Amino acid sequence: MSTVSAPQFLRRRARRDTARPAWMEPPSPAGQALKLVVILGMIVAVGYPFLLAIGTSLSTKAELAANGGYVLFPQHPTLEAYRVVLAGGVVTRAATVSVGVTLVGTALSLLCTVCLAYGLSRPGTFAGKPLLLVVVGTFLFTPGVIPNYLVVQELGLIDSYGAMVLPIMLNAFNVIVVRAFFQGIPDELHEAARLDGAGELTILCRIVLPLSKAVIAVVGMFYAVTYWNSFFNAMLYINDSNKLPLQVILRSYVIQGDTFNAKALGVSVLPATTALSMAVLILAVLPIVAVYPFLQKYFVKGVLTGAVKA
Amino acid sequence: MPRPADPPAARPDRDAPDPRRKATVRQRLRRDRTLLLLCVPGIVYFAVFFYLPLTGNVTAFQDYQPYLGFMHSVWVGLDNFQALVQEPEFWTAVWNTLQISAVQLLLYFPAPILLALFLNSLISTRTRRLMQTIVYLPHFLSWVVVVSFFQQIFGGVGTVSSLLNDHGLHVGNIMNNPDTFMLLLTSESIWKDAGWGAIIFLAAMASIDQGLYESAAMDGAGWLRRMWHVTLPGIRPVMIMLLILRLGDILSVGFEQVLLQRDMVGADASEVLDTYVYFHGVVDGDWGMSTAAGLMKGVIGFVLIVAANKVAHRLGEQGVYQ
């Protein structure tokens, strides 16, 4: 039974996937080969750097020395570099800072974005239009590095975690995307809830939010990625090396070529330098690669809603 | 929270004038207080971290002293701007910025369009989705990661450099070469963002009427002609919109990206306006002059957008805004 149905299922799937309109000419073999080459090229272009970093991070000192740099497929993979990097030294601390900033920042950003977007989403609200203009106005002009720096300094945020969260907490584009989504929710739902005695807050929490999970997920991911990747704010506002996030550490070890210090990492014997730096690199991309597949299906829609409505 | 003032609004009454409009300011404030309170944190945020720094641009016209603040610093009129235009380093930064922008416009701008054309040509939806997943991914990586990736491939002991050097092509360290810096920047941008940029073109292509393709095919147009006469005109409004936006950014080329690689290639090749502002202001403490540079950049970008949009309207295009 199963031996018959499986191939049939596959064949049907294949036919549907390559449905070609009747007027379209079948592809030439040369064209098809060319397409295949381009597809493979793109897969290699994106995949190769990841594989190279993973392979190198798992290599031993001897193997790296024999290969003169990087290793794609290590013969004797070892997790030594990760053990050292996560042993509680500089890199571990930086990773903790990054995780903390990302979690707290994303929560704050989402809370404020949802509140502002909902506040601006109901028609006819008092002062609604000027307030919306305040948000949209931020698209026109950027204040510049120096004035931003002076404000952060005046607020006493230098060398605090707040300097990594507050200056990038809200993004007008995300507010507009969420607002557009809220406005797409039928008015009848609001009216019905209001007749049942629900206030705006109840409507937001019990009706609007449950219907907006997809857009919240997308915007939340955008914020989380921004916090996780942010490097400039930390470089600008943080001098205390204990508070530096992972991206800054990655920059100093991998791009600027600072040497790993066994004491700072909290171990006695160091594995190969390249293995260590590639382990830090993998650590810095891991959360993104881990979360990406789950949200990928939502974000195209989210982005386009924003692009059309903004 | 029950809202006693509201029931009339909830009952549709065709003869009465719209009660939401009739209410006095006080009544409307009372009615909308929850909504307005929800707006407070966000509006305060934009006021503090956007509009307040915007006013900080007055330091461009001052001899700004951090311990005096801009309330007490001395006004110097346009002195900062005058000093700026006499500074050769500033002109190096301007020239580099314009050159990099031109290269990006020429090489990076078409990349998402070509990629979208290719992805759109894939008939199998499964292959297309897979490829989209793959090419969007780099957008979510930080510049630090992207530069690190490029370094492990094009750096001194990087795999591509090693390969070329072993075969008699002495390219040395591509990451350190000031001559190829612009091409390096552009290829990094393409690797990171071409896929993401293709999204909007793919959406535009998806909304093209399929009947146009069919009738073109009936008239004997091959795939190339269909692309030229149907697909490209179909995405033209989006192309022009993005071109205008790009024009507004002509004076800001990837700040973080350049900053990360400035040490490797030296300031002569890589100093752009943004890094100039950063190093002269925050690092060297020359606040007034670098704010002046930043302000000039912002104003020119704004003027360029408005002008380009005007031109687009004249040419019968939609542009960015009406």
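Quick note on labels: first sequence line is chain A, next is B, and so on, each numbered from 1. In this text, all values refer to a predicted model and were calculated from it rather than measured experimentally.
Ranked by non-hydrogen atom pairs under 4.5 Å with chain A, the options G155(B), P41(B), G298(B), G158(B) are led by G298(B). Chosen from S121(B), A60(B), G294(B), G301(B), the residue pairing most often with chain A at heavy-atom distances under 4.5 Å is S121(B). Chain A forms more heavy-atom pairs under 4.5 Å with one residue of V299(B), T59(B), L122(B) than with any other, namely V299(B). Residue with the most contacts toward chain A among S252(B), G222(B), S290(B), C39(B): C39(B) (heavy-atom pairs, distance under 4.5 Å). Ranked by heavy-atom pairs shorter than 4.5 Å toward chain A, the options V58(B), L29(B), L137(B), V40(B) are led by L137(B). Between chain B and the options A45(A), C112(A), A284(A), heavy-atom pairs under 4.5 Å are most frequent for A45(A). Of the listed residues (L166(A), V145(A), V38(A), I288(A)), the one with the most heavy-atom contacts under 4.5 Å to chain B is L166(A). Considering only heavy-atom pairs separated by less than 4.5 Å from chain A, the leading option among L295(B), V277(B), T159(B), D263(B) is T159(B).
W228(A) and F140(B) have their aromatic ring centers separated by at least 6.0 angstrom.
Heavy atoms of T133(B) lying under 4.5 Å from chain A belong to its backbone as well as its side chain. For a residue to count as touching a neighbouring chain, one of its non-hydrogen atoms must lie under 4.5 Å from one of that chain's; by this rule E25(A) touches chain B with the side chain only. Looking at L170(A), the atoms closer than 4.5 Å to chain B (heavy atoms on both sides) sit in the backbone and in the side chain alike. When heavy atoms are compared at a cutoff of 4.5 Å, Y149(A) approaches chain B solely by way of its side chain, counted from C-beta outward. Interface remark: V254(A) contributes backbone and side-chain atoms alike to the contact with chain B (heavy atom separation under 4.5 Å). In this structure, the portion of L155(A) lying under 4.5 Å from any heavy atom of chain B is its side chain and not its backbone. Neither the backbone nor the side chain of L72(A) has a heavy atom closer than 4.5 Å to any heavy atom of chain B. Proximity to chain B (any heavy atom under 4.5 Å) is restricted, for Q256(A), to the side chain, taken from C-beta onward. With a 4.5 Å cut-off on non-hydrogen atoms, F50(A) touches chain B through its backbone and its side chain both. For a residue to count as touching a neighbouring chain, one of its non-hydrogen atoms must lie under 4.5 Å from one of that chain's; by this rule V46(A) touches chain B with backbone and side chain alike. Heavy atoms of R128(B) lying under 4.5 Å from chain A are absent altogether. At a 4.5 Å heavy-atom cutoff, the contact between L150(A) and chain B is made by side-chain atoms alone. Contacts of V114(A) with chain B are absent, with no heavy-atom separation under 4.5 Å from either backbone or side chain. In this structure, the portion of M218(B) lying under 4.5 Å from any heavy atom of chain A is its side chain and not its backbone. Within the 4.5 angstrom heavy-atom criterion, atoms from both the backbone and the side chain of V134(A) approach chain B. If you measure heavy-atom distances from A172(A) to chain B, the contacts under 4.5 Å come from both the backbone and the side chain.
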(Q) Go through it in stages, so that I can follow the logic: the residues are L281(A) and V145(B), the test is side chain to side chain contact (heavy atoms under 4.5 Å, CB included), and I'd like the CA-CA distance, side-chain angles, deciding distance and then a yes or no. (A) CA-CA 7 Å; L281(A) 180 58; V145(B) 168; 3.9 Å; yes
Q: May I have the step-by-step check of side chain to side chain contact (heavy atoms under 4.5 Å, CB included) for F49(B) and N148(A), ending in yes or no?
A: CA-CA 7 Å; F49(B) 285 98; N148(A) 268 332; 5.5 Å; no
Q: Please step through side chain to side chain contact (heavy atoms under 4.5 Å, CB included) for the pair W143(B) and F232(A), ending with a clear verdict.
A: CA-CA 10 Å; W143(B) 274 115; F232(A) 183 65; over 6 Å; no
Q. Under the side chain to side chain contact (heavy atoms under 4.5 Å, CB included) criterion, do D32(B) and R122(A) qualify, and how do the steps go?
A. CA-CA 10 Å; D32(B) 295 333; R122(A) 308 300 303 138; over 6 Å; no
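No side-chain heavy atom of M42(A) sits under 4.5 Å from any side-chain heavy atom of I134(B). Counting only heavy atoms from C-beta outward, the side chains of R251(A) and V147(B) never approach each other to under 4.5 Å. Looking only at side-chain heavy atoms (C-beta outward), Q247(A) and E256(B) stay at 4.5 Å or farther from each other. The shortest side-chain heavy-atom distance between I43(A) and M131(B) falls under the 4.5 Å cut-off.
Tested against T34(B), the residues I203(A), L201(A), L204(A) include a single side chain to side chain contact (heavy atoms under 4.5 Å, CB included) partner, L201(A).
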